[in-house]
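Owing to the predicted nature of the structure, the values given are computational and were not obtained by experimental measurement.
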Amino acid sequence: EPEVRSPGRPPGIVPRRKVGLTLSQGEITELEHWQERFSKLMHRSVSTGETVGILTRICTTRFTRLKVENEIDALTALVEKLVGEE
C-alpha cells in the first residue's frame, strides 16, 4: 500500500522567514563571494539566506569574544574590532 503524504516540499527543520534587504553593490559582491566559497566547501549549493546566517553567527561569536560593548560608539570602530582582533 503506498504511503500517503501531503503534497509539496516538506517543512524545514529550522523555521525561516523572508526579509528584505538593501545592499550596496560591494556588499552584494562580497555576499556572492562568500556564498560561492561556502558552496565549494559544502559540495552543494548554499543559498543566500544560509550564507547570511553563517556570517551572522560568525559575527555574533566574534563580538561575544571581544567583550567591548560599551567601548564602541561607531560602526566603523565595531568593524575594525571584529576583523582586526585575533
Side-chain angles (χ1 to χ4, degrees):
E1 206 172 295
E3 185 178 317
V4 178
R5 65 180 183 99
S6 60
R9 178 182 283 185
I13 297 171
V14 177
R16 303 180 81 79
R17 67 183 169 128
K18 190 169 181 77
V19 297
L21 300 172
T22 303
L23 301 171
S24 70
Q25 186 56 51
E27 293 163 340
I28 291 169
T29 301
E30 286 293 324
L31 190 55
E32 289 171 345
H33 183 71
W34 279 105
Q35 186 175 359
E36 186 178 319
R37 280 182 174 171
F38 293 147
S39 292
K40 285 181 180 177
L41 285 170
M42 301 299 292
H43 304 290
R44 69 171 181 83
S45 179
V46 174
S47 71
T48 304
E50 288 174 307
T51 303
V52 170
I54 293 166
L55 294 173
T56 301
R57 289 178 182 202
I58 292 168
C59 287
T60 298
T61 302
R62 287 197 66 115
F63 184 78
T64 302
R65 290 180 183 166
L66 288 178
K67 299 177 184 170
V68 292
E69 283 186 50
N70 297 326
E71 297 175 23
I72 297 175
D73 57 358
L75 188 56
T76 54
L78 173 61
V79 171
E80 287 176 11
K81 285 283 190 185
L82 287 172
V83 299
E85 298 280 327
E86 289 296 321

Trainee: Suppose we screen for side chain to side chain donor-acceptor pair (under 3.5 Å). Which residues come up paired with R44, at least two apart in sequence or across chains?
Mentor: E50
Trainee: Report yes or no: do L55 and L75 belong to one cluster of Ile/Leu/Val/Met/Phe/Trp/Tyr joined by side chain heavy-atom distances under 4.5 Å?
Mentor: no
Trainee: How long is the straight-line distance from OG1 of T51 back to CZ of F38, given to the nearest 0.5 Å?
Mentor: 6.5 Å
Trainee: Any chain of hydrophobic side-chain contacts (each under 4.5 Å) joining V52 to L41?
Mentor: yes
Trainee: Please evaluate residues T61 and R65 with respect to the criterion side chain to side chain contact (heavy atoms under 4.5 Å, CB included), reporting the C-alpha separation (whole Å), side-chain torsions for both, the decisive distance (0.1 Å), and the verdict.
Mentor: CA-CA 6 Å; T61 302; R65 290 180 183 166; 3.8 Å; yes
Trainee: Which value, rounded to the nearest 0.5 Å, describes the distance between T76 atom OG1 and E80 atom CD?
Mentor: 5.5 Å
Trainee: Apply side chain to side chain donor-acceptor pair (under 3.5 Å) to R16 and list each qualifying residue two or more places apart in sequence or on a separate chain.
Mentor: none
Trainee: Check for me, please, whether L31 and V19 land in the same ILVMFWY cluster - side-chain distances under 4.5 Å, paths through other members count.
Mentor: no
Trainee: May I have the step-by-step check of side chain to side chain contact (heavy atoms under 4.5 Å, CB included) for L78 and F63, ending in yes or no?
Mentor: CA-CA 9 Å; L78 173 61; F63 184 78; 3.7 Å; yes
Trainee: Once salt bridge (Lys or Arg N to Asp or Glu O under 4.0 Å) is applied, what residue pairs with a partner in residues 22-31 remain, sequence neighbours excluded?
Mentor: none
Trainee: When rounded to the nearest 0.5 angstrom, what distance separates CD1 in I28 from CD in E32?
Mentor: 7.0 Å
Trainee: Would you name the heavy atoms of V46 and S39 that are closest together and state the gap between them?
Mentor: N-OG, 3.0 Å
Trainee: Mind checking the CD-CD1 spacing from Q35 to I54? Nearest 0.5 Å is all I need.
Mentor: 9.5 Å
